[in-house]
Amino acid sequence: MSASSSQDAARRPRGAHPWRGVIEEYRDWLPVDDDTPVITLGEGGTPLVHSPWLSRLVRGEVHVKVEGSNPTGSFKDRGMTAAISVAVAEGAKAVVCASTGNTSASMTAYAARAGLTPIVLVPHGRIAAGKMAQAVMHGAEVIQVRGGFDECLQISRGLADTYPVALVNSVNPVRLQGQKTASFEIVDVLGRAPDVHVLPVGNAGNISAYWIGFREYAEAGVAQDTPRLWGFQAAGAAPIVRGAPVPDPDTVATAIRIGNPASWRLAEAARDESGGRIESVTDEQILTAQRELGAREGIFVEPASAAGVAGLVAAAEAGQVEPGLTVTVTVTGHGLKDTETALSGVESVVDSVIDADVSAAAEVAGLA
Ligand SMILES: *Cc1c(COP(=O)(O)O)cnc(C)c1O
């Protein structure tokens with residue numbers, strides 16, 4: 001810690017955390033200048049939580065990057081603060097995105113702060129209720145499209161090509177610039193790059209963004225090296241694994257239900273240049289990982305977010321993780337966004353119903 005930052009720390013009230021959002025924290029690394037208005041909700045600075053369960057399993061040290069702790073509950077906020085700030089600087093009055101739910105939740109929040117009109121295209125009837133509620137509360141025009149995410153993205157591109165609206169999907173390169181700050185944070189907190197970084201892959205922007213971030217830190221000498229990137233798709237939506245688009249992708253993990261990822265080539269480059277892998281996990285593995293993470297580590301994530309954890313568990317069980325590694329796993333979004341899927345595998349939400357009586361409670365709790 002430098003002398004001036006420890007003096008700053010001495011002046012701050014105890015417990016106050018001066019996190020200013022990813023643009024101010026990583027300004028020098030981002031495509032902004034002094035004139036760019038900073039549209040922020042204080043995103044980033046998310047917890048990196050040590051996982052005893054996963055550490056035992058891989059016989060190394062595993063830390064979970066909890067991106068559900070971002071202001072709208074997913075990592076999308078990192079890219080959105082950057083994309084919306086730049087859109088405002090360029091004079092945009094309206095913004096459009098295609099979304100499986102989290103991009104729209106994030107985009108509408110940042111658009112609301114910036115006073116932009118948000119237009120959202122989502123697959124009809126296939127978006128988790130929590131995410132839909134977010135877009136509605138942020139005042140968006142939500143258009144449901146009879147089709148999947150891939151069709152929604154085509155329409156969004158078409159609107160942005162023809163009308164005065166800025167496209168803020170991750171095909172917008174500024175989004176990836178914002179999202180790369182997650183890898184900076186991991187290195188800053190660990191004091192080194194991990195050996196392996198694991199994450200889910202849907203439209204494949206995030207794995208590409210992490211690779212940009214890890215590479216930039218290594219090139220600048222902030223980190224000694226770069227991690228291998230291990231990405232996991234859902235088995236029913238695994239175009240990169242199969243090597244061909246999936247026309248009708250299907251998985252409980254709606255945030256990665258994508259058949260033709262926009263950042264496909266970038267993700268393959270991230271995989272190959274890092275010496276990593278992109279594989280798939282089944283819905284059953286995803287839901288099991290989601291429950292285990294919640295019950296063992298106290299971290300509740302949405303199904304898509306558990307794909308990386310499921311992949312790491314499978315790799316460990318197959319003996320594919322050499323012992324002694326430092327591994328980080330990004331869990332991408334908060335479990336509260338999709339309680340319906342979380343509870344769908346549970347037989348009965350309420351375990352027991354009793355009269356208001358201590359001994360009855362003690363009996364069903366197994367205390368008596
Ligand atoms: C967007 C999203 C993903 C997938 O990220 P990509 O950049 O599309 O690969 C995974 N999990 C959650 C919760 C998301 O919102």
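Just follow the structure's listing: the first ligand is 1, and inside any ligand the first atom is 1. No experiment lies behind these values; they were computed from the predicted model shown.
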Do Glu302 and ligand 1 have an N or O pair less than 3.5 Å apart? no
Are Glu67 and Lys76 within salt-bridge range, i.e. N to O under 4.0 Å? no
Taking atom 8 (O) of ligand 1 as the reference point, the nearest protein heavy atom with its distance: Asn203 N, 2.7 Å
Ion pair Asp225/Arg228, N-O distance below 4.0 Å: no
What part of Ile258, side chain, backbone, both or neither, has a heavy atom within less than 4.0 angstrom of ligand 1? neither
Closest to atom 14 (C) of ligand 1 by heavy-atom distance, out of Lys337, Lys76, Glu67, is Lys76
Quick one: does Ser305 get a heavy atom under 4.0 Å from ligand 1? yes
Arg146/Glu151 salt bridge by N-O under 4.0 Å criterion: no
Please list, in number order, the atoms of ligand 1 under 4.0 Å from a heavy atom of Val201. 9 (O)
Are Lys180 and Glu185 ion-paired here, with the side-chain N under 4.0 Å from a carboxylate O? no
Where the closest heavy atom to atom 12 (C) of ligand 1 is concerned, which of Thr254, Asp338, Asn169, Thr332 has it? Thr332
Shortest protein heavy-atom distance from atom 7 (O) of ligand 1, along with the residue and atom involved: Asn206 N, 2.8 Å
Quick one: nearest non-hydrogen protein atom to atom 5 (O) of ligand 1, plus distance? Phe75 CZ, 3.4 Å
